[in-house]
Participant: 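Provided herewith is a single structure, encoded as structure tokens, for subsequent inquiry.
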Amino acid sequence: MPAITLPDGSVRRFDGPVTGTEVAASIGPGLARAALAMKLDGQLVDLSRSIEDDAAIVFVTRKDPDALGMIRHDTAHVLAEAVQSLYPGTQVTIGPSIENGFYYDFARNEPFTPEDFPAIEARMREIIGRNAAFEREVWDRDEAIAFFETKGERYKAELIRDLPGTETITMYKQGDWIDLCRGPHMRGTGDVGTAFKLQKVAGAYWRGDHRNPMLTRIYGTAWRDQKELDAYLQQLEEAERRDHRRLGREMDLFHIQEEAAGSIFWHPKGWKLYRAAESYVRRRQDAAGYVEVKTPQLVDRVLWERSGHWDKYREHMFVAHVEDEKRTLALKPMNCPCHVQIFNHGLRSYRELPLRMAEFGACHRYEPSGALHGIMRVRGFTQDDAHIFCTPDQIADETAKFVDLLSSVYRDFGFDSFRVKFADRPDERAGDDATWDRAEGALREACAMAGVEYELNPGEGAFYGPKLEFVLRDAIGRDWQCGTLQVDFVLPDRLDASYIADDSSRQRPVMLHRAILGSFERFLGILIEQYAGRFPLWLAPVQLVVASIVTDAEPYAEEVAEAFRARGLSVVVDGRNEKINAKIREHSLQHVPIIAVVGRKEAEGRTVALRRLGGQAQEVLSLAEALDGLALEAMPPDIVRSATPNR
RNA sequence: GCCGACAUAGCUCAGGGGUAGAGCAACUGAUUCGUAAUCAGUAGGUCCUCGGUUCAAUUCCGAGUGUCGGCACCA
């Protein structure tokens, strides 16, 4: 005698078990048509599920947020059926919904190509047109294994074998096609709709493990309707336009070439941007009580052996040999062991702690070829690195200070939000469990104190300690770890760092490894995409173009440019024999923030006509006014703040 | 590193077993023009590298390198 509570609080009573479909029908034909699934006491289930006890249900229709995931999951099933009917012998594995779409991993000797997509999509439309109901069946575990094994579906059989014994084995049927699936699904294949598109093929290791065979993955996207799909596809195109690799070429910021794969040639404009970011971070760190150092590029392997890096990362290190040296030198892949050398040079007192040692440290790592990505993932990069040597009870305070600094820096660069992940102990690690308990505990406590909200990233910590990862997202939707804070009790021990405590005893400091931008290369890549090349004035590599209209105005144009340069702006004069329209167009396409147009009028009146990127309006100012105004506007945000203490 | 695709002028791209083409950019000349493309002309290539097949390879085949999309990796 189930009593069903609906979202409006009303209760409907039924004489016996009912399905969601029946409940919806009892409420009205409109709902019966619209309901795709239901939330049964908060859990998303099939509409056909029978309800035997009192329950609260919420119907899920196409406009609900939950519907999207179901549409995508169901589309993946339809894809799998289509592929198996077109390419017999292909084994199915898994096919989840993901952000913006879905994928399905297939095992087949011959890989798919995008040329196969039209045929597959056509077959998918047929399957959707048939609108076969998704039927849920509970199977016996051994029967299910035997079923898939006879069909030659060894991946599915393996999946079932590895499911915990308590798990109910459910199968979903859509017409003649049947698949192992946890569900839930919508009513039938017709509910998928037509707003889907196969996007790309890719290799993917079975169960994400590189020791396993590689499967062929087909990625697709699916939406509620064509309008949503079109909007998404358009968004992808726009993302492509702001790809840092494209903008880097178009704006002449940097290039990468074969002879130095994974290393960046910074061009004058790119380097200007780089230096603006570097100077800014240096000022912020100076102000935050850091001392800056510079340590060697080439360091004897014995130091890396002591630190533990040689053992764990040898194959990712660039090693240098010279004819008459017996030593093996390695290009530093990180700065921490070098910083400990400076810390160890002389006797340290507890009075010096916390000692915040910063370095714009150029590092090299032999990254796997497939990992390289524009300037975001490279083999030669520079970290805005620092190590804070402190006592255990300073960890929380230093963490809070660091998070404050990082948030403020990110805000100044235009990132108002970012994600924080807490990565705890990995399987392969240095240090005993007690040390890890201590380090993780300290970091957790520090987060609580600093009010940092994070998601857990289990097992992803550094080998010497747990870490906070500060994650930013690029234009194409990929997440990148930029900032980090790592608590380390291990390295100080391995490299024998110590200080004299207030009771004259010798103590080990704790090291906090931290970076705000992470690497300049990666951060600038994301920054380029964040602004789509249209940088705020303080970061723009060319801040002002003075464009002359007629040759007569050129001497004045040069004078204007000189005057702005004297105020610290980066200025280019465009005195070419081109129409002003052409000049405006070209510099606008180059994303120059401000164009000062000067013709006879301006030369005579000693004014400038300013035109801002993205606008059509022009603002005519006296040269003196313009100089003051733009000089102020071009100030980095931290300098603006220090000049105006009330802000 | 693994799976797949791709590599032709500075850029975007077309082409195809008989040593290559467009648009934009560049250069030269004319034009001196008021807020997103002035006109005309000129020049520009180891068709990624190495090997193989062939009378002949930039084109077909193989290997390598790099890039791109994923996966794995990321101190």
Side-chain angles (χ1 to χ4, degrees), chain A residues 103 105 110-115 199-219 243 245-246 249-250 252 255-262 304 307-313 315-317 332-337 363 365-374 376-379 383 385 426 428-430 460-465 467 469 476 478 480-481 484 486 488 491 513 518-519 522 547-554 577-589 595-602 609-618:
Chain A
Y103 67 77
D105 286 347
E110 209 181 316
F112 297 102
T113 72
E115 281 91 79
Q199 291 175 295
K200 50 197 175 192
V201 291
Y205 296 109
W206 167 234
R207 298 192 143 179
D209 188 327
H210 65 97
R211 289 164 300 196
N212 285 339
M214 184 152 275
L215 309 171
T216 298
R217 174 172 298 181
I218 296 180
Y219 280 97
D243 189 310
R245 292 165 296 190
R246 179 178 173 142
R249 189 173 51 241
E250 289 174 354
D252 195 20
H255 86 269
I256 297 175
Q257 68 186 45
E258 200 166 333
E259 292 81 355
W304 306 111
S307 71
H309 291 99
W310 186 262
D311 192 36
K312 193 160 190 316
Y313 290 108
E315 66 278 21
H316 297 288
M317 289 167 68
K332 70 172 168 186
M334 47 174 359
N335 308 298
C336 28
C363 297
R365 296 178 185 174
Y366 186 72
E367 300 284 8
S369 55
L372 301 179
H373 178 87
M376 308 270 226
R377 184 84 183 266
V378 286
R379 290 179 175 153
Q383 296 176 314
D385 202 6
E428 250 186 89
R429 56 181 181 259
E460 295 296 321
F463 75 90
Y464 48 71
K467 63 177 180 181
E469 303 172 332
I476 333 178
R478 293 187 254 218
W480 297 92
Q481 181 199 308
T484 186
Q486 304 166 9
D488 182 2
L491 264 190
H513 307 240
S519 90
R522 172 175 297 180
S548 60
I549 296 178
V550 291
T551 314
D552 290 352
E554 258 181 72
N577 180 4
E578 283 292 346
K579 289 191 161 181
I580 193 64
N581 284 308
K583 294 185 183 182
I584 300 257
R585 176 181 153 81
E586 280 175 35
H587 300 302
S588 298
L589 289 173
I595 301 172
V597 177
V598 298
R600 286 202 186 87
K601 260 194 307 195
E602 286 75 16
L610 299 185
R611 180 199 165 101
R612 286 174 186 267
L613 181 59
Q616 273 109 43
Q618 48 175 324

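In the text below, chain A, chain B and the rest are named by the order of the sequence lines, each starting its count at 1.
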Participant: Taking only residues two or more places apart in sequence, or in another chain, which ones meet A/R522 in a side chain to side chain donor-acceptor pair (under 3.5 Å)?
Facilitator: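 Applying side chain to side chain donor-acceptor pair (under 3.5 Å) to A/R522 gives none.
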Participant: Check the distance between B/C2's P and A/R207's CZ and give it to me in whole angstrom.
Facilitator: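 Those two atoms, CZ and P, are 24 Å apart.
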Participant: Are the side chain of A/R246 and the backbone of A/E250 linked by a donor-acceptor contact shorter than 3.5 Å?
Facilitator: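 No.
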Participant: How far, in whole Å, is B/A22 from B/G41 if one measures between their P atoms?
Facilitator: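 Per the computed distance, 13 Å lies between those P atoms.
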Participant: Side chain of A/Y464 only, please: which of B/A75, B/U35, B/A72 is the nearest?
Facilitator: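 Per side-chain heavy atoms of A/Y464, the pick is B/A75.
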Participant: Choosing from B/G4, B/A37, B/C73, which nucleotide comes nearest the side chain of A/R377?
Facilitator: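 For the A/R377 side chain, the nearest candidate turns out to be B/C73.
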Participant: Go through the structure and list residues passing side chain to side chain donor-acceptor pair (under 3.5 Å) with A/N212, not counting sequence neighbours.
Facilitator: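 For A/N212, no residue satisfies side chain to side chain donor-acceptor pair (under 3.5 Å) once neighbours in sequence are set aside.
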Participant: Using heavy-atom distances to pick each residue's nearest nucleotide on RNA chain B, tell me which of A/F463 and A/V550 is more 5'.
Facilitator: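 Checking each residue's closest nucleotide, the 5'-ward one belongs to A/V550.
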Participant: For nucleotides 66-71 of chain B, give me one character per nucleotide, 5' to 3': B if any protein heavy atom sits under 4.0 Å from the base, S if the only such contacts are to the sugar-phosphate, - if neither.
Facilitator: SSSBBB
Participant: Residues in side-chain contact (heavy atoms from CB on, under 4.5 Å) with A/A609, at least two apart?
Facilitator: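 For A/A609, the residues satisfying side-chain contact (heavy atoms from CB on, under 4.5 Å) (neighbours in sequence not counted) are A/V597, A/E602, A/Q618, A/V620.
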Participant: Would you say A/Q257 has more than 12 foreign heavy atoms packed within less than 6.0 Å of its CD?
Facilitator: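 Correct, the count exceeds 12.
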Participant: Send over the distance from A/I595 CD1 to B/G34 P, rounded to a whole Å.
Facilitator: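 In whole Å, B/G34 P and A/I595 CD1 are 16 Å from each other.
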Participant: Quote, to the nearest angstrom, the C1' distance that separates B/G10 from B/G45.
Facilitator: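 It comes out at 12 Å once rounded to the nearest Å.
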Participant: If you look at every strand shown and take non-hydrogen atoms under 4.0 Å, does A/P368 touch a base, only sugar-phosphate, or nothing?
Facilitator: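 Contact class for A/P368: base.
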Participant: Dot-bracket for RNA chain B, 5' to 3', with Watson-Crick and G-U pairs under 3.5 Å, [ ] for crossing pairs and | for other-strand pairs: what is it?
Facilitator: (((((((..((((....[..)))).(((((.......))))).....(((((..]....))))))))))))....
Participant: Which nucleotide, B/C33, B/C74, B/U35, lies nearest any side-chain atom of A/R600?
Facilitator: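 Looking only at side-chain atoms, A/R600 lies closest to B/C33.
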Participant: List the residues meeting side-chain contact (heavy atoms from CB on, under 4.5 Å) with A/D385, not counting sequence neighbours, and say none if there are none.
Facilitator: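 Residues passing side-chain contact (heavy atoms from CB on, under 4.5 Å) with A/D385: A/N335, A/Q383, A/H387.
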Participant: Check nucleotides 26-28 of chain B for protein N or O atoms closer than 3.5 Å to its own N or O atoms and list the pairs.
Facilitator:
none

Participant: Could you state the NZ-P distance from A/K579 to B/C39, rounded to the nearest angstrom?
Facilitator: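 The answer, rounded to whole Å, is 8 Å.
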Participant: Scan A/A609 against the nucleic acid and name what it touches under 4.0 Å (heavy atoms): base, sugar-phosphate only, or nothing.
Facilitator: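 If one applies the 4.0 Å heavy-atom cut-off, A/A609 turns out to touch a base.
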Participant: Go nucleotide by nucleotide along RNA chain B from the 5' end; which of A/G599 and A/K312 gets its closest nucleotide reached first?
Facilitator: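 Looking at the nearest nucleotide for each, A/G599 comes out on the 5' side.
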Participant: With a 4.0 Å cutoff (strictly under), does any side-chain N or O of A/R249 reach OP1 or OP2 of B/U12?
Facilitator: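 So the side chain of A/R249 is within the cut-off, an N or O lying under 4.0 Å from OP1 or OP2 of B/U12.
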Participant: Looking at every strand, decide which applies to A/K601 at a 4.0 Å heavy-atom threshold: base, sugar-phosphate, or nothing.
Facilitator: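 Base contact - A/K601 has a heavy atom under 4.0 Å of at least one base atom.
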Participant: What is the distance, to the nearest angstrom, from the CD1 atom on A/I584 to the P atom on B/U38?
Facilitator: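 Taking atom P of B/U38 as the reference, CD1 of A/I584 is at 12 Å.
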Participant: Do the ring planes of A/Y313 and A/F463 sit parallel (below 30°), tilted (30 to 60°) or perpendicular (above 60°)?
Facilitator: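 Tilted, since the angle between the ring planes falls between 30° and 60°.
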Participant: Any idea which of B/A36, B/G1, B/C33 is nearest the A/I549 side chain?
Facilitator: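 Selected nucleotide (nearest to the side chain): B/C33.
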Participant: Sequence neighbours excluded, which residues qualify as salt bridge (charged side-chain N to carboxylate O under 4.0 Å, His left out) partners of A/R429?
Facilitator: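 Applying salt bridge (charged side-chain N to carboxylate O under 4.0 Å, His left out) to A/R429 gives A/D433.
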Participant: Given the C1' atoms of B/C48 and B/G34, what is the spacing between them in whole Å?
Facilitator: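 Per the computed distance, 48 Å lies between those C1' atoms.
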Participant: Using a strict cut-off of less than 4.0 Å between a Lys/Arg side-chain nitrogen and an Asp/Glu carboxylate oxygen, indicate whether A/R211 and A/D209 qualify as a salt bridge.
Facilitator: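 Result for this pair is yes, salt bridge flagged.
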Participant: In whole Å, measure the gap between the P atoms of B/A25 and B/C11 for me.
Facilitator: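 Per the computed distance, 15 Å lies between those P atoms.
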Participant: At 4.0 Å (heavy atoms only), tell me whether A/R365 reaches a base, stays on the sugar-phosphate, or touches nothing.
Facilitator: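 The residue A/R365 makes base contact.
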Participant: Search all heavy atoms of A/S548 against all heavy atoms of A/E554 and return the closest pair with its distance.
Facilitator: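 Taking A/S548 first and A/E554 second, the nearest heavy atoms are OG-CG, 3.8 Å.
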Participant: Taking atom C1' in both B/U32 and B/C68, what distance in whole Å separates the two?
Facilitator: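 Approximately 46 Å lies between the C1' atom of B/U32 and that of B/C68.
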Participant: From CZ of A/R522 over to P of B/C73, roughly how many Å is that when rounded to an integer?
Facilitator: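 Rounding to the nearest Å, CZ of A/R522 and P of B/C73 are 15 Å apart.
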Participant: Side chain to side chain donor-acceptor pair (under 3.5 Å) with A/D252: which residues, sequence neighbours excluded?
Facilitator: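 Per chain and number, A/D252 pairs via side chain to side chain donor-acceptor pair (under 3.5 Å) with A/H267.
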Participant: What's the gap between B/C33 and B/C47 when it is taken at their C1' atoms, as a whole Å value?
Facilitator: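 Each nucleotide's C1' atom is 42 Å from the other's.
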Participant: Contact class for A/K467 vs. all strands (heavy atom < 4.0 Å): base, sugar-phosphate, or nothing?
Facilitator: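 Result for A/K467 = sugar-phosphate.
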Participant: Confirm from the modelled atom types if A/R211 and B/A72 form a donor-acceptor pair under 3.5 Å, side chain to base only.
Facilitator: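 Donor-acceptor pair under 3.5 Å: no.
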Participant: B/U38 P sits how many Å from A/I580 CD1, rounded?
Facilitator: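 Interatomic distance, CD1 of A/I580 to P of B/U38: 11 Å.
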Participant: Just how far, in rounded Å, is P of B/U35 from CD of A/E602?
Facilitator: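 Taking CD of A/E602 and P of B/U35, I get 11 Å after rounding.
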Participant: Describe the nucleic acid contact of A/L589 in one word from base, sugar-phosphate, nothing, applying a heavy-atom distance below 4.0 Å.
Facilitator: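 Base: the residue A/L589, judged by heavy atoms under 4.0 Å, touches a nucleobase.
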Participant: Tell me every residue that passes side-chain contact (heavy atoms from CB on, under 4.5 Å) with A/V378, counting only those two or more places apart in sequence or in another chain.
Facilitator: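 For A/V378 the side-chain contact (heavy atoms from CB on, under 4.5 Å) partners, ignoring immediate neighbours, are A/I264, A/F381, A/E521.
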Participant: Determine the interatomic distance between C1' on B/G1 and the same-named atom on B/A72; round to the nearest Å.
Facilitator: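 B/G1 and B/A72 have their C1' atoms separated by 8 Å.
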Participant: What residues form a side chain to side chain donor-acceptor pair (under 3.5 Å) with A/K579, not counting sequence neighbours?
Facilitator: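 In terms of side chain to side chain donor-acceptor pair (under 3.5 Å), with neighbours along the sequence ignored, A/K579 is linked to no residue.
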Participant: Distance check: side-chain N/O of A/N581 vs OP1/OP2 of B/U35, anything under 4.0 Å?
Facilitator: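 The answer is no; no side-chain N or O of A/N581 sits under 4.0 Å from OP1 or OP2.
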Participant: Please state how far atom CG in A/D311 lies from atom P in B/A75, giving the value in whole angstrom units.
Facilitator: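 To the nearest whole Å, that distance equals 16 Å.
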Participant: Using the C1' atoms only, state how far B/U49 lies from B/A14, rounded to an integer number of Å.
Facilitator: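 Their C1' atoms lie roughly 24 Å apart.
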Participant: Test of understanding: with side-chain contact (heavy atoms from CB on, under 4.5 Å), list the residues that count as partners of A/M317, not counting sequence neighbours.
Facilitator: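 So A/M317 forms a side-chain contact (heavy atoms from CB on, under 4.5 Å) with A/W304, A/W310, A/A330, A/P333.
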